[in-house]
> 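Here it is: the structure, laid out below.
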Amino acid sequence: MIGIFNGGGVEGLDNLVINEVPQGAVDSVNNTFQLSNYAVDYNRVMLFRNGLLLEENLTGDYICTGSAVVFNNGAIPQTGDNLKIIYQK
């Protein structure tokens, strides 16, 4: 759940980061990218590459730890890929 409607608005959305571009070289070699904030719940991170949602876990495409995203071998972003992430800070 992203937020709770409280009759006057939605609580929790002020901490939601939407469509942030993770910082790091997208060069087919770099596997570590930095977020501008600490992701408080790794289970609610959504990372997209070229518009497609990636799978987050040790056997998937990447893992998120704190304010870093680390891509697993075979899933490293290639030159020209577009990365965007949604997470709660």
Side-chain angles (χ1 to χ4, degrees):
M1 181 167 63
I2 294 174
I4 300 170
F5 183 72
N6 67 4
V10 179
E11 296 177 2
L13 289 182
D14 54 338
N15 290 327
L16 189 63
V17 178
I18 300 174
N19 289 335
E20 178 178 317
V21 176
Q23 297 302 303
V26 181
D27 59 5
S28 305
V29 177
N30 180 38
N31 74 328
T32 304
F33 294 81
Q34 296 298 315
L35 304 178
S36 60
N37 301 284
Y38 183 88
V40 296
D41 186 350
Y42 309 137
N43 295 316
R44 295 187 180 187
V45 171
M46 295 185 350
L47 179 61
F48 298 86
R49 178 173 41 213
N50 301 326
L52 299 174
L53 180 62
L54 301 177
E55 184 179 350
E56 193 267 337
N57 62 42
L58 291 174
T59 59
D61 299 308
Y62 71 97
I63 57 171
C64 183
T65 58
S67 61
V69 172
V70 180
F71 282 86
N72 296 322
N73 292 336
I76 294 172
Q78 301 299 297
T79 301
D81 280 353
N82 180 6
L83 301 174
K84 293 198 176 173
I85 191 165
I86 299 172
Y87 64 98
Q88 187 174 6
K89 62 180 180 175

> Where do Asn72 and Gly60 come nearest, in terms of heavy atoms and distance?
ND2-O, 2.8 Å

> May I ask you to decide if Lys84's main-chain N or O and Asn19's side chain share a donor-acceptor pair within less than 3.5 Å?
no

> Taking it one step at a time, do Arg49 and Asn82 satisfy side chain to side chain contact (heavy atoms under 4.5 Å, CB included)?
CA-CA 6 Å; Arg49 178 173 41 213; Asn82 180 6; over 6 Å; no

> For Asp27, does its backbone N or O pair with a side-chain atom of Asn30 as donor and acceptor, under 3.5 Å?
no

> Do you reckon Val70 sits in the same ILVMFWY cluster as Leu58, going by side-chain contacts under 4.5 Å, direct or chained?
yes

> A side-chain contact here means heavy atoms from C-beta on lying under 4.5 Å apart; do Ile86 and Phe48 qualify?
yes

> Mind listing the closest non-hydrogen atom pair of Ile76 and Phe71 along with its distance?
CA-CB, 4.1 Å

> With rounding to the nearest 0.5 Å, note down the distance linking CG in Asn43 to CD in Gln88.
12.0 Å

> On a heavy-atom basis, which atom in Gly80 and which in Asn50 lie closest, and how many Å separate them?
O-OD1, 4.3 Å

> Rounded to the nearest 0.5 Å, what's the gap from CG on Asp61 to CG on Leu53? Could you check?
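Answer for the CG-CG pair, Asp61 versus Leu53, is 9.0 Å.
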
> Could you go through the side chain to side chain contact (heavy atoms under 4.5 Å, CB included) check for Ile85 and Val17 one step at a time?
CA-CA 8 Å; Ile85 191 165; Val17 178; 5.8 Å; no

> Between CD of Gln23 and CZ of Phe33, what distance do you get to the nearest 0.5 Å?
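That separation rounds to 10.0 Å.
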
> Tell me the closest heavy-atom pair linking Glu20 and Gln34, and the distance in Å.
OE2-O, 4.4 Å

> For the atom pair OH (Tyr87) and OG (Ser36), what is the distance rounded to the nearest 0.5 Å?
3.5 Å

> Please determine whether residues Ile63 and Leu35 belong to a single hydrophobic cluster, defined as Ile, Leu, Val, Met, Phe, Trp and Tyr linked transitively by side-chain heavy-atom distances below 4.5 Å.
no

> Checking the side chain of Tyr42 only, and the main-chain atoms of Gly66 only, is there a donor and an acceptor separated by less than 3.5 Å?
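Yes, Tyr42 side chain to Gly66 backbone: donor-acceptor pair under 3.5 Å.
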
> Once you round to the nearest 0.5 Å, how far does OH of Tyr62 lie from CG of Leu47?
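The distance works out to 5.0 Å.
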
